[in-house]
K.L.:
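Before anything else, here's the structure in question.
Letters go in sequence order (proteins before strands), and every chain restarts at 1.
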Number of protein chains: 2
Amino acid sequence: MASDSSTNLGVRVTIHEVARHAGVSIGTVSLALNGSPRCSAATAERVRAAAAALNYLPNHAAKSLRRQASETIALVIPDIGNPVYVAMAKAVQQVVKERHYHLSLISTDGYDQEEIHALETLTQRRVDGMILCSLRMTEPLAHSLQHASGPVCVIGGLAEIARVDNVQVNSEYGVRLAIDHLVAQGRKHIAFLNGPRNTVPAIVRGRGYLQALRQHGLDDRAHRLINTEFSVAGGYEGAMALLTKHPDIDALFCANDLIAIGAMKCLRELKRRAPDDVAVVGMDDIPEGLICTPSLTSVSLLARERGQIAAGMLLDRLTGGGNAEVNTVTVTPHLVVRESSTVGNPPGDLR
Amino acid sequence: MASDSSTNLGVRVTIHEVARHAGVSIGTVSLALNGSPRCSAATAERVRAAAAALNYLPNHAAKSLRRQASETIALVIPDIGNPVYVAMAKAVQQVVKERHYHLSLISTDGYDQEEIHALETLTQRRVDGMILCSLRMTEPLAHSLQHASGPVCVIGGLAEIARVDNVQVNSEYGVRLAIDHLVAQGRKHIAFLNGPRNTVPAIVRGRGYLQALRQHGLDDRAHRLINTEFSVAGGYEGAMALLTKHPDIDALFCANDLIAIGAMKCLRELKRRAPDDVAVVGMDDIPEGLICTPSLTSVSLLARERGQIAAGMLLDRLTGGGNAEVNTVTVTPHLVVRESSTVGNPPGDLR
DNA sequence: CTGTTAGCGCTTTCAG
DNA sequence: CTGAAAGCGCTAACAG
């Protein structure tokens, strides 16, 4: 009754108890438990048995302090409410787990300050490395990044201003795919619901949009481009503003799927049918694109893959396999055609 | 060039450098930085200045090891892909932040083992306390819980088998609200798309469903009840099975909104109109309920509020304000009526 | 009010 | 192959 060997009731068991129980010194326990070869198999077995019997679990703080490593990486994302980042996080989580690390997930929810703050966790040795997915790669952030006291891998963003590992997606090409598709569907007045003006993705996508219009010989005066939040509410408001100002719009290209979903809600209220009156195309290819009516055509920016690649890259660097130079990987988006952009011949495959 | 005082380039600065720089001892630095009153204001200021100049950040592992506390709590949720848990996490995050703690978010994604594993982080002193939101409160889990080496607050689940702090929602009453509403809308053949048989919420909701049917004098043989996954895919498949077997069904009550969304997708494919042919009601009141067509009537189970309450309860216990006995709070759900259940008179307010 | 010192639990030399 | 001992960076008791 004094002690229940199957549990540890608040009484933390340390390496010392294990040593006593196994009749060896604490140094030997450490060697045995870490699978060092400089320890006889018999002793190792005895130590493991003692540890199991006592329900021993190593104190993480002590281990970190001594090893100068926490076996944890952080993933910093802009918004955990956006399913595309959830998908990314799941991919990272999987890799991290396979390689016996831990993941600390941080959502900055639009506060730039949080990103700098997250970088501090690196210096504080709470995490060994970090995957940073930021919408606003500002100068102070780039600077903190450059001088971070541990490896960082950036997903997206302007990695040009900070020389660090990064995985990019060719989103201008993604925009191109969407516009090409809409033109092929016979659309002439293609509007663009872009993200906030001060975000890197919005800048790149806006540029791509105008370029694509030009290449198709369409009016590229950008008068059908509007900036809004990367959210359903943003899409709704942006679409409302755009459609009331330009009733001739026959296609809405949206910088992400949340915006597209908000835009479709707006269309419904305005009694304009999608895709018949207005075709809609988003970006990110989130699962929600399948549940809305009509189902949403979208450009996949391979969030899952990027997360997976970034995690591998970071862990390689952490576990010694890393090389000296800066690594860059760029993935290529692809278009997923669904109902919201194809009148008459809806694609059969909705997954 | 050898040193840039505005950053620390990989060279970790410790309390010793700060002490040297400020011309005091390390003990004094510690006192000053932790705002101890036993330290003159002038010295404190000098130390703070030195720390800032050197870009000093305390080593978290060292601090944790010494203080036996990590100033971090964990939130364990079943599925980060379910927006209701994202909402809960955001609420917890906010409270945690206000009270200057850190949050470690863990998604178990259906693996029971992960929950036990998460509890180990408590013993390993990675976290000081934990909020556990589990679908399957199994015996081994309850046991680990009971003997956890730190405070745990359970959200939902069967807290009866483990005497720990908990915040509940009266979901049987929530089910009642939904069934009452459907009956009031004139529905006679109300089916129930429940969650997996071995989960606590499904057990409770299934019981509530049958009880409510009985109270309305309806057939309570449970032949229109089916168990499926708490997901869109689960809802789709479950609805397909149910509707083909029982064509007379005129209402689908779903154990959560993901199931309801999947069910609506199924209805669309079967060319059965919602709400005209089949009314649909879900539970959780996730934002996605607003983007689907028709918008989804749902029972709010107050995930945000429960997260907020649980976080407060846990932090109170951690920061000393806690009392000895086990705390229990129960919140009361409410119905949010939208289009999917009301033919003819859609409610004006869709937010 | 400030300096000195022990020690949190662990890993890792260095001896034996 | 195993034991002893130092020390990671910090806090908190205890002197002064």
Side-chain angles (χ1 to χ4, degrees), chain A residues 8 11-48 50-51 54-72 120-126 128 149-150, chain B residues 8 10-48 50-51 54-71 120-126 128 149-150:
Chain A
N8 45 329
V11 188
R12 246 76 65 192
V13 19
T14 74
I15 208 171
H16 289 94
E17 279 96 283
V18 178
R20 216 161 31 75
H21 201 268
V24 295
S25 78
I26 61 162
T28 304
V29 172
S30 180
L31 292 179
L33 260 27
N34 291 303
S36 163
R38 351 192 272 94
C39 174
S40 79
T43 311
E45 188 41 55
R46 208 145 41 84
V47 170
R48 265 195 296 275
L54 296 171
N55 239 271
Y56 168 76
L57 286 175
N59 180 313
H60 178 253
K63 193 172 195 168
S64 294
L65 177 58
R66 181 61 230 234
R67 302 256 294 240
Q68 301 282 39
S70 62
E71 284 149 338
T72 302
E120 292 181 352
T121 63
L122 261 177
T123 305
Q124 290 182 139
R125 314 260 58 190
R126 281 160 172 272
D128 298 341
S149 54
Chain B
N8 46 330
V11 189
R12 247 75 66 191
V13 20
T14 75
I15 208 171
H16 289 95
E17 278 98 283
V18 178
R20 213 159 36 72
H21 201 268
V24 294
S25 77
I26 61 162
T28 304
V29 173
S30 181
L31 292 178
L33 260 27
N34 290 302
S36 163
R38 350 193 272 94
C39 173
S40 80
T43 312
E45 188 41 55
R46 207 146 39 84
V47 170
R48 264 195 297 274
L54 296 172
N55 239 270
Y56 168 76
L57 287 175
N59 180 313
H60 178 253
K63 192 172 196 166
S64 295
L65 178 58
R66 180 61 230 231
R67 302 256 296 241
Q68 301 282 39
S70 62
E71 283 149 338
E120 292 181 351
T121 64
L122 261 177
T123 305
Q124 291 181 137
R125 314 263 57 191
R126 281 160 172 272
D128 298 342
S149 53

K.L.:
Go nucleotide by nucleotide along DNA chain C from the 5' end; which of B:P37 and A:T14 gets its closest nucleotide reached first?
P.N.:
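With B:P37 and A:T14 compared, the 5'-side residue is B:P37.
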K.L.:
What integer distance in Å separates B:I26:CD1 from C:dG3:P?
P.N.:
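Taking atom P of C:dG3 as the reference, CD1 of B:I26 is at 11 Å.
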K.L.:
What is the distance, to the nearest angstrom, from the CG atom on A:N59 to the C1' atom on C:dC10?
P.N.:
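Rounded to the whole Å, the gap is 8 Å.
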K.L.:
Nearest-Å distance, CG (A:L33) to P (C:dT11)?
P.N.:
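In whole Å, C:dT11 P lies 8 Å from A:L33 CG.
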K.L.:
To 10°, what angle do the rotation axes through the five end pairs on each side of the helix from C:dC1-D:dG16 to C:dG16-D:dC1 form?
P.N.:
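The angle separating the two end axes equals 40°.
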K.L.:
Distance check needed: C:dC1 P versus B:E45 CD, whole Å only.
P.N.:
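Answer to the nearest Å: 16 Å.
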K.L.:
Drop me the distance from A:S149's OG to A:Q124's CD, to the nearest 0.5 angstrom.
P.N.:
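Answer for the OG-CD pair, A:S149 versus A:Q124, is 9.5 Å.
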K.L.:
Could you tell me the separation between the CD1 atom of A:I15 and the P atom of D:dA6, rounded to a whole number of Å?
P.N.:
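It is 18 Å, rounded to the nearest whole Å.
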K.L.:
Side-chain N or O of A:T28 less than 4.0 angstrom from OP1 or OP2 on D:dG3?
P.N.:
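Yes, A:T28 has a side-chain N/O under 4.0 Å of OP1/OP2 on D:dG3.
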K.L.:
Touch check for A:S30, heavy atoms < 4.0 angstrom, all strands: base, sugar-phosphate only, or nothing?
P.N.:
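Base, at least one base heavy atom under 4.0 Å.
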K.L.:
Can you tell me the distance, in whole Å, between the CG atom of B:L57 and the P atom of D:dG9?
P.N.:
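Spelled out: CG on B:L57 to P on D:dG9 is 14 Å.
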K.L.:
Please report, rounded to the nearest Å, how far the P atom of D:dC10 is from the CZ atom of B:R125.
P.N.:
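Distance, rounded to whole Å: 20 Å.
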K.L.:
Tell me which residues in residues 62-71 of chain B put a heavy atom below 4.0 Å from DNA chain C, sorted by number, or none.
P.N.:
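Correct list: B:L65, B:R66, B:Q68.
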K.L.:
When you get a sec, tell me which of D:dC14, D:dC10, C:dT13 is the closest nucleotide to the side chain of A:R38?
P.N.:
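So the side chain of A:R38 is nearest to C:dT13.
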K.L.:
If you measure from the Lys or Arg side-chain nitrogens to the Asp or Glu carboxylate oxygens, is any gap between A:R20 and A:E17 under 4.0 Å?
P.N.:
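No, no charged N to carboxylate O under 4.0 Å.
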K.L.:
Rounded to the nearest Å, what distance is computed from the CZ atom of residue B:R12 to the P atom of nucleotide D:dG7?
P.N.:
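Value for this atom pair: 20 Å.
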